[in-house]
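Here the structure is laid out as structure tokens; the discussion comes afterwards.
Start at 1 and go down the list; that is how both ligands and their atoms are numbered. Below, each value reflects all heavy atoms present in this structure, side chains not excepted, and no hydrogens, waters or symmetry copies.
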Amino acid sequence: MEIETVMSYMANSINPDGVRAQEIIESLEEDVQEELGHARQFGERIKELYGVVPGSLDFKAEQDFLQPPEQQTDIVHVIKGVIAAETAAIEHYNRIIEFSDDKDLVTQDMVIAILRDEERHRRLFEGFLREYEAEGLA
Ligand SMILES: [Fe+2]
Ligand SMILES: [Fe+2]
């Protein structure tokens, strides 16, 4: 999930056109680094738990909402896609936090910290969306 988000945010930090795209581009460039850090933390935790980090052939893409829009000036599409990705991550991590509650407090602690990052990402993009909604553009 984190790796797919890196791919999607990378594409969406390059594709957008227009004067209003710059804020989104800069914000997603930053997020690419953070999501990469999350992927690394999950990988390292898998190893600490005696697992093996899967190879690329086991990768399955799921983020249909973050595919490039028809028009590269369609910033609302990107904003909504990011909100959807962050919401999916938030829901997934809340499930892991609950599941690990009486089993693995180290993983739980790590995921709680990552969850906060995702909540911050979503909040930022919800703010971007509000601006478009206020102008009747979303
Ligand atoms: Fe993440
Ligand atoms: Fe995120």
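Residue contact annotation: Glu86 places an N/O/S atom under 2.8 Å from the Fe ion (ligand 2). Because the distance cut-off is set at 2.8 Å, Glu118 qualifies as a neighbour of the Fe ion (ligand 1) through one of its N, O or S atoms. For the Fe ion (ligand 1), the N/O/S atoms of His121 include none lying under 2.8 Å. Among the atoms of Glu35, an N, O or S atom falls under 2.8 Å of the Fe ion (ligand 1).
Taking the charged nitrogens against the carboxylate oxygens, Glu91 and Arg95 have no contact shorter than 4.0 Å, which rules out a salt bridge. We find that Glu48 and Arg45 are joined by a salt bridge, their nearest charged nitrogen and carboxylate oxygen being less than 4.0 Å apart.
When side chains are defined from C-beta on, Phe125 counts as touching Leu28, because their heavy atoms get closer than 4.5 Å.
The one candidate from Glu30, Glu126, Glu35 that meets the side chain to side chain contact (heavy atoms under 4.5 Å, CB included) condition with His121 is Glu35.
Put simply, the side chain of Asp109 never gets that close to the backbone of Leu105: no donor and acceptor are under 3.5 Å apart.
Per residue His38, closest N, O or S atom to the Fe ion (ligand 1): atom name ND1.
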